[in-house]
Amino acid sequence: MRARVMLHGCAGIALDGLARVRASIVLLVACGQNVAPPSDCDRPGSRVSAGNVTAEALAGGIVRVRYGAGEASSWAIALPPAPDPDARVGDKTLCTAAMTVRIEGGLVTATLADGTVVVDDARPYADGTLVRTAQRDRVYGLGERTGGLDKRGRAWTFWNTDAYDPDIGGWKPDQDPLYQSIPLEVHFATSAFGIFTDVTRRMVIELGGAEDRITTVGPIDQYLIAGPRIADVVDRYTQLTGRPAAPPSWALGFHQSRWGYSQADLEAIAARFRELDIPATALWLDIQHMRGFRSFTFDPQTFPDPRGLIERLASRGFRVVAIEDPGIKIDPGWDVYDSGLPHFLQRDGAAYQGVAWPGPSAFADFSSPAARQWWGDLVARTLDLGVAGIWLDVNEPTTFPEGGGGNTIPDDIAAVGDGRATTMAELHNAYALFQARATYEAIAARGEQPFVLSRAGYAGIQRYAATWTGDTPSTWWGLRQTLPMMLGLGMSGVPIVGSDIGGYSGGASPELYARWLALGSISPFARAHVTAGVPGQEPWQFGAEVTDAAREWLKQRERLLPYLIALADEAARTGAPLLRPLVWEFQDDTSVADIGDEAMLGPWLLVAPVLDEGATTRQIYLPAGRWFELASDAYVDGPTTIDVPLRIASLPIYVRAGAIIPTAEDVLEIYPGDERSRFAGVEVEPLADGIRISLPRAYRVRVHRVDRAVTAYPYDANARVIEVLQGAGTFELHYDRTLDEPRPPVTVTFEVHVPDGTPLDPPIHVASSLTAWTHVPLAWVAPGVARGTFVATRGEWIDYKLTRGSWQTVEKLADCGEAPNRTRIASATTRIDSVAKWRDSCGNY
Ligand code: MIG
């Protein structure tokens, strides 16, 4: 029996049983570079210790190094991993299949089997300071951070902070720290490894020039995590700190929020979404619904009947998510306060008081199991009203300095520490982790799949909550920062991430809002939200063009929902983020390591949102392989950089060859490539004369870009798609897989729905860029419905206007305002446009 092993970052090398004994020697020769020195590991064992440093090999390709005295204990670790049964030790050395760790003279060195240096201490550990020789590699991750993908070159602080700057209406361009502290470094040169510094106390990690420096107080636990792929690092890391919770499917839909919605606003907004046919699944309650900012209450004046409200919203297909702040109003006689007394953090024998939204407030010690139970019972009360999800805000935890204290609970306040008495100095960064746990467990206890959104977090937060990028201001730099920030969170084990679509401070221009919504529509968590006292950021607030584009993007998201669900399921099994940088999928392509303005949505969709003001074109890098434009099925062969023209409606998405994409109504979109591929239980194997497909259940299978007429199957020659209904099992389709040209012509169908009273004669016309803006008539096909076709180059933008044969009759908006040009990408999909008014009926020509 031959075993295929992947070691040392070399290609897989086949070894038989005998050769494996001398595997390291064989591999040294095979790899021929950068080899770790021969070790003195001569006996079984998983632990070495010298001075105040201990290294322990754990199962799953991880070594824990403890700097400083005492036994390690952690709030982040989901299940303490067992010692690595195959590890070996020498006097100063620990050897595992993945790495060798040596402790000598108080210095730790750790090297991967291929010689890659993981840790090279430059000085013995002392007084909470760890200094190591910096490696010439990139460092991804570190949780929620500003800047690009690579975090090298500056110091990063780990201290959860409400980073609001009133002058900016959110956080600043290079703000640090933000709300979350996730001390996972994902190092990448040619192969990847991780360093997770499991410290919840205030800490700074400086990823400088010659030295990397970690500064904190007290002992430091580091988990050294083997690769070689970035995906392996995050897989191992989320095995250690817990797999991400898969959200309920409604939580993957579009959410609408703002600070300040009244009961009437919510009802009107629900109706408007349905009227405009814009998909949305949830509406949010910010702190305005509370009685004097008391968590777990509804104001009897302004929200007299929450249960009825939530039922009416549910009848229109909306779930409701409600915010619950941690600061509990000091209000003797109020049952929430009274019942909380045994659970609040204390100072001098009384509840510690900080100032938050309700004024003087007490804060539960979520590191106490009893306090978590108390909070969970209150969460259950909110859920009993019909609320479907819980939003945890200001849980850094934030207090208002205006109240005389600082911006958080003081370090010296004692805390239960989940069985290990401590103070806020250590609990601070983990406060939200425990609060999210209490909330998640309360929802799960009811048999519901929890949806919790938390602003703050520590390593492990992914087990309980999704997150968003907090108060990102409504600026172009805010939008531009959002994508790398989400990608960084994804590489830090937090896959369900989003941003306030339109930005938090408000006043977004139509263009900024449109670009943000496009990005939001391909974000794992998609919620429009904005602060109080500014215009709302619902999709219809920015003009007809943006409203139409919003409908397209959100319908596309709705179609892709089964794909998103499959990705969330993958995340829950492996930690892989839904939205991942190109380097995650194309680690061996040296040109993608710093690309943070494109991303992969799962393994199959490359998304290139538009992030610059006024952009009329954008460059898109496509790695090796064939890429099909999602909107048109035009294709491009990579590696290449293309320049695409842009419209407001643009959201460039390319499908990677090999793609298997489950979509709504049990449709499975398949884009065969030259290699076997697998996703969501489906397997596709290319054959010389077609493909073989294995399905776990029935699907309507659509095989894309079949250019030669196929007689044996239902075949749409214009779409160039074979569409067959198939049950579970394996089947083959035989056809000629040759493609004729990247952008073959396509017949484009326009369907126009006209307002009542539109005369039949003259007919509806389309004036477009396809016909040098001459007016071409459509045919009436039903009362009020006209249709016609044009031939276009697949994938080109068509700009057009609808008329009744002349500019005097051109389409107008419902308020008789000028209608912007309509636009669409030339494809086989029928476009349906509804006209509100004609110019001659507006009487203003
Ligand atoms: O002190 O609840 O980031 O989304 O609208 C501000 C009001 C508290 C901060 C959140 C924001 C929310 C706001 N909150």
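Computed from a predicted model, the values in this text were never measured in an experiment. Indexing begins at 1, ligand by ligand and atom by atom, following the structure's order.
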S.K.: May I ask you to decide if the ring planes of W477 and W171 are parallel, tilted or perpendicular, using 30° and 60° as cut-offs?
M.R.: tilted
S.K.: In the protein, what heavy atom is nearest to atom 4 (O) of ligand 1, and what distance, to one decimal place, separates them?
M.R.: H529 NE2, 3.0 Å
S.K.: Checking side-chain hydrogen bond (donor to acceptor under 3.5 Å, both in side chains) for the pair S368/D365: CA distance, chi angles, key distance, verdict?
M.R.: CA-CA 6 Å; S368 139; D365 177 359; 5.6 Å; no
S.K.: Do the numbers put R551 on top of the ring of W553, so that NZ or CZ is under 6.0 Å from the six-membered ring centre and no more than 45° off the axis?
M.R.: no
S.K.: Just to confirm my output: which protein heavy-atom neighbour is closest to atom 12 (C) of ligand 1, and how far is it?
M.R.: D286 OD2, 3.3 Å
S.K.: Among all protein heavy atoms, pick out the one at the shortest distance from atom 13 (C) of ligand 1; state its residue, atom name and that distance to 0.1 Å.
M.R.: Y504 OH, 3.4 Å
S.K.: Going by the angle between their ring planes, with limits at 30° and 60°, are Y458 and F196 parallel, tilted or perpendicular?
M.R.: tilted
S.K.: When you measure from atom 9 (C) of ligand 1 to each heavy atom in D500, T472, D393, which option holds the nearest one?
M.R.: D393
S.K.: Identify, for atom 3 (O) of ligand 1, the protein heavy atom at the shortest distance, and state residue, atom and that distance.
M.R.: D471 OD1, 2.6 Å
S.K.: With heavy-atom distances below 4.0 Å as the criterion, list the atoms of ligand 1 near I287.
M.R.: 2 (O), 7 (C)
S.K.: Under 3.5 Å between some N or O of ligand 1 and some N or O of R455?
M.R.: yes
S.K.: Which is closest to atom 6 (C) of ligand 1 in terms of heavy atoms, W284, Y179, W357?
M.R.: W357
S.K.: Apply side-chain hydrogen bond (donor to acceptor under 3.5 Å, both in side chains) to Q435 and S454, showing your working.
M.R.: CA-CA 9 Å; Q435 185 202 25; S454 179; 5.3 Å; no
S.K.: Evaluate the side-chain proximity of L564 to R557: yes if any heavy-atom separation is below 4.5 Å, no if none is.
M.R.: yes
S.K.: At under 4.0 Å between heavy atoms, which part of F293 makes contact with ligand 1: side chain, backbone, both or neither?
M.R.: neither
S.K.: Heavy-atom contacts with W391 under 4.0 Å: which atoms of ligand 1 show up? List them by number with element.
M.R.: 4 (O)
S.K.: I would like to know whether W159 and S181 meet side-chain hydrogen bond (donor to acceptor under 3.5 Å, both in side chains); could you show each step before the answer?
M.R.: CA-CA 6 Å; W159 190 251; S181 295; over 6 Å; no
